[in-house]
Amino acid sequence: MDKNLETVRHSTSHLMAQAVKDLYPGVKVAIGPSIETGFYYDFDYEPGFTEEDLEKIEKRMHEIAAANIPIERKVMKRQDAIDMFTKMGELYKVDLLESITDDEVSTYTQGTFTDLCRGPHLASTGEIKAFKLLSLAGAYWRGDEHNKMLTRIYGTAFPDEKSLKDYLTFLEEVKKRDHRRLGKDLDLFSISDEVGAGLVIYHPKGALLRWLLEDFERREHLKRGYHFVVGPHILKLDMWKKSGHFENYRENMYFTKVDEVEYGIKPMNCLSHIMVYKSQVRSYRELPLRYFELGTVCRHEKSGVLHGLMRVREFTQDDAHIFLRPDQLHEEILGIIRFVQDVMAIFGFQFEMEISTRPAKSIGSDEDWERAEKALQEVLDSEGLPYEINAGDGAFYGPKIDIKLKDAIGRKWQCATIQCDFALPERFDLHYTDSDGLRKRPVMLHRVVLGALERFMGVLIEHFGGKFPLWLAPVQVMVMNITDDQGPYVKDIFDALIREGVRAETDLRNEKLSLKIRESVVKKIPYMIIAGKKEMESKTLTVRVRDGGELKDISLEDFINRVKDENTTRR
RNA sequence: GCCCAUGUAGCUCAGUCGGUAGAGCACAUCCUUGGUAAGGAUGAGGUCAGCGGUUCAAUCCCGCUCAUGGGCUCCA
């Protein structure tokens, strides 16, 4: 982020802290950094804050800003700072100071408020021009759920009023694109508390969208040498014990009992794929073996994290497990990255990559982890692809490359991931016969391209703002009459369209044309065919195009060809 | 799971300082057959999230549960 903007925001967070301390004596301040979207400050305040408090605080902030109080930096010995903050009763600051190793620390003072802070800050509160407090939230001290929960106040700040206003307008735009809003408006899906939290019910148009994605996926996987497999939803508990899931992933799993035998409902698809591999003796000649499944998994996500389609408890991954020789790792990983690149280009997503390394809870030897991490890193390095390291964030069985999409308005979403696994082949004693006749251990890659179809759909809805490209639009063409006389003509057009595989609907209601058009526009349907007396007599079409313009006097045949062409080229 | 807020018709929301509720859109019927973003009339529709408590009386007050939203932690 822009250094200046960062300073503005950081100073605004101090301004807020000062206002809060003014208004609510006894509040303890924790930390208050600038963040990508603004700033926050965490407070320890027993009664907690309410929305009304935000207004009061904001008002006080304006007063302090108007008073134009100088912000002064002071350097002191760490021990002196500890003494000072102890005296002030700011125990969180003392806690922070105790984990700082430097001899000297800096503080910033504005009027009656002094904060431990590295800085930099603006010279005076009068330089803070444009800010707004946005929301309240709970946040654990130091981000650890075992610690006390503090109250966090989020706000945003900009160097000038116009930028602030633009940002608030942007937030409105984000709201309009919200997939939960659009999911309802476009009648794509619902989530019902009668059915259960985090469980998605697809309505016809949403199910069609999903089917289109699945169809796309199957074709793309076939093109790249994947084999389709299908496994069961529940597998015996012993399998999950053997794989390490029971040990490392139990809190996310559901269990059930059938005839006194314990089963685990799958949270991942790998075990069945492993069983397919194990079903025969494998030769080095047939590797890599790529098993693909649109596999539905159930994960017990904590109730507080569920979010529309983005975070659910049952979802379907475009999952594959690739069994290969160690010498094939580089090429295969690269192949997956190319696959992801191809697919994301089609949807119009940019993306960034991260490598996640060994987490605390994990299986496998140190050497294997090192080999696996190296394999992933080496591919990205050799291709000159930039990435960041996300330490300790790997899967329990192996490190991974996480791919974060950037959508149309710049937000990032984690969808695709590539995980390198030496551990499960070991645990399930997988092998192949190598060219020298010896039994050897294959490596396993776990990978998804779109990730979870639910999340991907959510991202797609927001990315396109509900305005799907023709090839993904559940309804591609709406055919409407002007008066009842054109009913049969509309039906003829409709029949011809669906016969040719065009996804069409008719609007034959006894309503004014302007109403029908409005509703089609609201539903963001790519094409509207308007059939009145003129068109019926001349046997032509008048087509209104979603993105502007009109096709006049076009023949039905030409129109169908146009739609088909647009569909195959995925424009 | 934790913190805060919210839950009223299919949807978006009013409302009742405690006396069992209202609008717009959607839906149904009728009138209207209208050429590019909302024609008109009438009607139907709600155990005010669920369960307890306080009260003569609870949609409203209190408690619990569930769900949703904003976050924290976690993740595809």
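Per chain, numbering begins at 1; letters A, B, ... match sequence-line order.
At least one side-chain nitrogen or oxygen of R181(A) sits closer than 4.0 Å to the OP1 or OP2 atom of U12(B). Between H307(A) and G70(B) there is a side-chain N or O to OP1 or OP2 distance below 4.0 Å. For the OP1/OP2 pair of G10(B) and a distance below 4.0 Å, the side-chain nitrogens and oxygens of K184(A) include no atom meeting the criterion.
The line from OH of Y527(A) to CD of E566(A) is 3.5 Å long, rounded to the nearest 0.5 Å.
Side-chain to base pairing of R152(A) with C4(B): no donor and acceptor N or O lie closer than 3.5 Å to each other. One N or O donor and one acceptor, one from the side chain of R311(A) and one from the base of C74(B), sit under 3.5 Å apart. Between the base of G1(B) and the side chain of Y140(A) there is a donor-acceptor pair shorter than 3.5 Å. In terms of polar N and O atoms assigned as donor or acceptor, the side chain of E301(A) comes within less than 3.5 Å of the base of A76(B) in a complementary pairing.
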Can E519(A) and R509(A) be said to form a salt bridge (Lys or Arg N to Asp or Glu O under 4.0 Å), step by step? CA-CA 12 Å; E519(A) 292 191 356; R509(A) 292 173 306 164; 2.8 Å; yes
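For Q317(A), the side-chain atoms get nearest to A76(B) when compared with the rest of A76(B), G35(B), U68(B).
For C48(B), there is no paired base (Watson-Crick or G-U wobble, both distances below 3.5 Å).
Between K516(A) atom NZ and A26(B) atom P the separation is 15 Å, expressed in whole Å.
Counting any heavy atom pair closer than 4.0 Å across all strands shown, V297(A) reaches no nucleic acid atom.
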